[in-house]
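To keep things clear, I will list the structure first and then write my remarks on it.
Reckoned from all heavy atoms, side chains included, excluding hydrogens, waters and symmetry mates. Worth saying up front: this structure is predicted, and the values here are computed from it rather than measured.
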Amino acid sequence: MTMRNLTACLLGTAFAVTAFAPAYAADTDIIIVLNEELESIDPCMASKSNIGRVILQNISETMTELSPTEGLKPRLADSWEDMGDGTWRFHLHPGVTFSDGTTLDAGDVKHSMERVVSTKISCEIGAKYFGGIKVTPTVVDDLTIDLKADPPQPILPLLMSTLTIVPAETPEEFVQNPIGTGPYVLTEWKAGQSIVLDRRDDYWGAEPEVTKATYLFRTDDAVRAAMVKTGEADISPVISELDATDPATDFSYPNSETTYLRIDQGVAPLDDVRVRKALNMAIDRDAFLGTLIPSDAIKATALVPPSTIGWNPDLTPTAYDPEGAKALLAEAKADGVPVDAEITLIGRTGNFPNVTEVMEALQQMLGDVGFNTKLEMYETGEWVDLYSQPFAEDRGPQLIEAMHDNAKGDPVFTMYFKYACDGLQSGMCDEKAEDLIARATAATGDERAALWKELFAYLHDDVVADVLLFHMVGFSRVSERLDFKPTINTNSELQLSQIKFK
Amino acid sequence: MKTFIRKRAVASGLSLIGLIVLVFFLSRLTGDPTSLYLPVDASLESREQFREIHGLNDPILVQFFHYARDVLSLDFGDSIRKARPALQVVLEAFSWTLTLAAVTMLLVTVAAIIFGALAASRVGGVFDRIATFFSLIGASAPDFWIAIVAIVFFSVYLGWVPTSGTGTVWHWILPVAVLFIRPFGLILQVVRGSMISSLSSAYVKTARAKGVGPRPIIFVHALRNAMLPVITVIGDQAAGMLNGAVVVETIFGFPGVGKLMIDSILQRDFAVVLASIMVTAMAIFIMNLLIDLSYAVLDPRIRY
């Protein structure tokens, strides 16, 4: 190749490369890298973490909003009141417009409510928050709507913090172009590659600082962390603990998840409270912290995180006492309880980092005090079948590892499912617990908090319902140019309006 | 030639039908997608409703009959996860994989043939040593390790190329380079071996005796005759890439068909699994046909 040819070739390559280079972005544009692609962009799926991080309060807003610091506050609804008989009246904020230019009215709220529970599509919000509840919306006037719940829901205003509001014209099928009242509008969705949100000029609320947000998807933890480090991205809401090494950019936050072993109390020897106590005393929880579990995790005394109403600060995690556990087992054995029976310890593959090692350590600790356990790890699908009712008739005694998420601030999203006789994932049936769940669910205010508190103490100290492990933490990496700290909400949403620049 | 193509098409068609039947029933053996799709707390009614909407309550043979009927009209059904036609989802992903595979295989083929031929021309020489080194790396270092180390070194430390993504030509350098190493090492060894035997054959000695220079001997006389086994290996490697370079696609955020297939299997998104298998099987069938035809072009003794 002659020198002239070589120069031409290099120039050509340089031109081709520059032609593909992206235009320089504005300083107030940000890039967020998520750990999995969004399978759907429909607002009724926003209770899924990754979908919520794009849609919730950015594209679609809710009637009320739960803040980790301020509690439940107004969003699209300015106020609400209990009309009795299970009916709540909501007054909408006037002058709110959707990104398609139409004005928000009570008819939109009615349609949004009916759509999430429609039998024509499987909306995650409907399945997760409105299963078993019949909500009948009645339009009072353009800006007033009554929602009657059967059975009555004292926390209906809290439930409304999950319902994304869409225009009344939205079809009952998954949409590809979500329309909402939020400060941002979806301007580009390249399936599998990126999603772009642009700030709206006609938003009804305060104007956020971020002008444009691009969401990218990378499965690998190390790649996401590297992207923020090199400046290719500004926020990675989820990075691995191993990569969280830079105090200037890496933050841990309570991610509202709690790990535990669900005890199946329907099968001996787990129906004996001494055996359940021994299970708890056999676990050296401190040994996990800073080793297999991040050191910022908190030892749990309830299945809901400490920011939940009614959380009981008087409870202390069961202390590690292998000798005590052995004594309890000996006592139970003397009474004819089959404590030598093989207990299946069931774990969920990939449920959280190091889950397999945690399960192996638990098996070892239980073995040390005399339990005879067999460890089995399952993929999600099989695990859900084992975790949920109806249970197999011929099952042996089982301890099932699970991680439960309740970021909603009220135990009602947890307690019925996990502890009531008919709860989908309940391994127990206790008359007093049943009564407390029913009363707390129906109560309001201080009485509600007191009843939940009583229930937590009863389950932890008297029933010894499960082997509670840890309130978990997540890790985020945030670029130094941003003024943003992740909170417990970062597990389910990422409000662009809360992101400021330094 | 036409008879050959027709026969191959019929044989491949039968294999595809067998594949559809096998994959349909095998994927159903893994269970019901309901518990994976709905939240863990979803009520029994929600689960029942989901099964009804997606026809999962029908007897398996009825489901198969519906599926077979739709596939005949090239309708693979909708992806449960993405609520879009499965074929559309797969074709979008496949176009990425096809481009990645085409670019990589083109570079690999050209480089492997040149280096392999030069290595064979002087056994034990510089090119031969380089060839052995690359083959060793390709055979021994796992893709994911090379990929992560490449990102840490070239993107984070040196800042030369982006860590991942697809936006510009710069984004293609690392994934193509990582994908390049393994087939390059392998094909290079095949070219080298095949060339050594060609270069020691009688016609090469004759050419040398007639005073033909070293370059024409290597690239004109010996190479063409050494290409048949090479083409077979190239086809084999390209087929592997068309199935999706799962590791590279996952790490570099390439929205290709390999990652899509793995995700769909884990999420029991049956329509997408079946559509991916059909599309990649078709592509491999077409590629094998082209390879068979290229034998005839390279070696006039082969006639179909």
Side-chain angles (χ1 to χ4, degrees), chain A residues 13 16-17 19-22 33 36-37 39-40 42 47-48 119-122 124 126-129 131-132 173-176 190-194 216-220 222-224 226-227 229-233 379-385 387-390 402 404-405 413-414 417-418 424-425, chain B residues 30-47 49-50 52-54 78-84 88-89 92-93 96 144 147-148 151-152 155-156 159 162-172 247 249-256 259-260 263 266-269:
Chain A
T13 313
V17 167
F20 281 102
V33 57
E36 56 183 334
E37 188 200 341
E39 63 259 36
S40 162
D42 195 291
S47 50
K48 287 197 168 184
T119 51
K120 292 183 189 151
I121 48 175
S122 299
E124 159 110 0
K128 190 164 183 177
Y129 296 113
E173 58 189 46
F174 288 127
V175 296
Q176 307 288 330
K190 288 189 194 160
Q193 295 178 68
S194 62
L216 303 174
F217 318 108
R218 300 288 184 271
T219 316
D220 193 88
V223 171
R224 288 195 305 280
M227 287 176 77
K229 194 169 184 71
T230 58
E232 285 173 52
E379 292 295 330
T380 309
E382 291 170 284
W383 173 89
V384 171
D385 293 340
Y387 183 44
S388 305
Q389 303 254 28
H404 174 64
D405 173 25
F413 300 106
T414 301
F417 291 117
K418 310 293 179 191
L424 198 58
Q425 284 105 23
Chain B
T30 62
D32 174 349
T34 314
S35 44
L36 286 172
Y37 180 85
L38 291 178
V40 171
D41 304 336
S43 63
L44 290 174
E45 297 89 72
S46 305
R47 283 162 202 268
Q49 185 186 314
F50 180 85
E52 201 59 50
I53 291 176
H54 295 284
D78 281 355
S79 155
I80 289 184
R81 307 290 291 194
K82 296 173 197 284
R84 288 195 297 144
Q88 187 190 339
V89 172
E92 274 169 16
W96 284 101
F144 70 89
I148 294 288
I151 288 175
V152 170
S155 306
V156 179
T163 56
S164 54
T166 53
T168 67
V169 284
W170 294 109
H171 288 92
W172 288 71
V247 172
E249 285 174 8
T250 304
I251 291 182
F252 291 104
F254 251 73
K259 185 168 180 298
L260 179 73
D263 289 346
L266 290 177
Q267 296 161 347
R268 295 184 195 151
D269 198 344

### Summary
Heavy-atom nearest pair, Arg218(A) first then Gly253(B), reads CD-CA, 3.8 Å
#### Entry: Proximity breakdown for Thr219(A) and chain B, heavy-atom pairs closer than 4.5 Å
both
#### Entry: Nearest-0.5 Å distance, CG of residue Leu216(A) to OG of residue Ser164(B)
7.5 Å
### Query
What part of Phe174(A) is in contact with chain B, defined as an atom under 4.5 angstrom from a non-hydrogen atom: side chain, backbone, both or neither?
side chain
### Task
Among the options Met227(A), Lys229(A), Arg224(A), Gln193(A), pick out the one with the most heavy-atom pairs lying under 4.5 Å from chain B.
Gln193(A)
### Message
Distance check, rounded to the nearest 0.5 Å: Lys190(A) atom NZ versus Thr166(B) atom OG1?
### Response
7.0 Å
### Task
Please flag which part of Gln389(A) lies under 4.5 Å from any non-hydrogen atom of chain B: side chain, backbone, both or neither.
backbone
### Task
Would you mind checking which part of Phe252(B) comes under 4.5 Å of any heavy atom in chain A, side chain (CB onward), backbone (N, CA, C, O), both or neither?
backbone
### Task
Count the heavy-atom pairs under 4.5 Å between each of Thr414(A), Asp42(A), Val223(A) and chain B, then report the option with the highest count.
Val223(A)
#### Entry: Portion of Ala226(A) that has a non-hydrogen atom of chain B nearer than 4.5 angstrom
both
### Query
Considering only heavy atoms, which portion of Glu37(A) lies under 4.5 Å from any heavy atom of chain B: side chain, backbone, both, or neither?
side chain
### Query
Ile151(B) versus chain A, heavy atoms under 4.5 Å apart: side chain, backbone, both or neither?
side chain
### Query
For the side chain of Glu232(A) and the backbone of Thr163(B), is there at least one donor-acceptor N/O pair under 3.5 Å apart?
yes
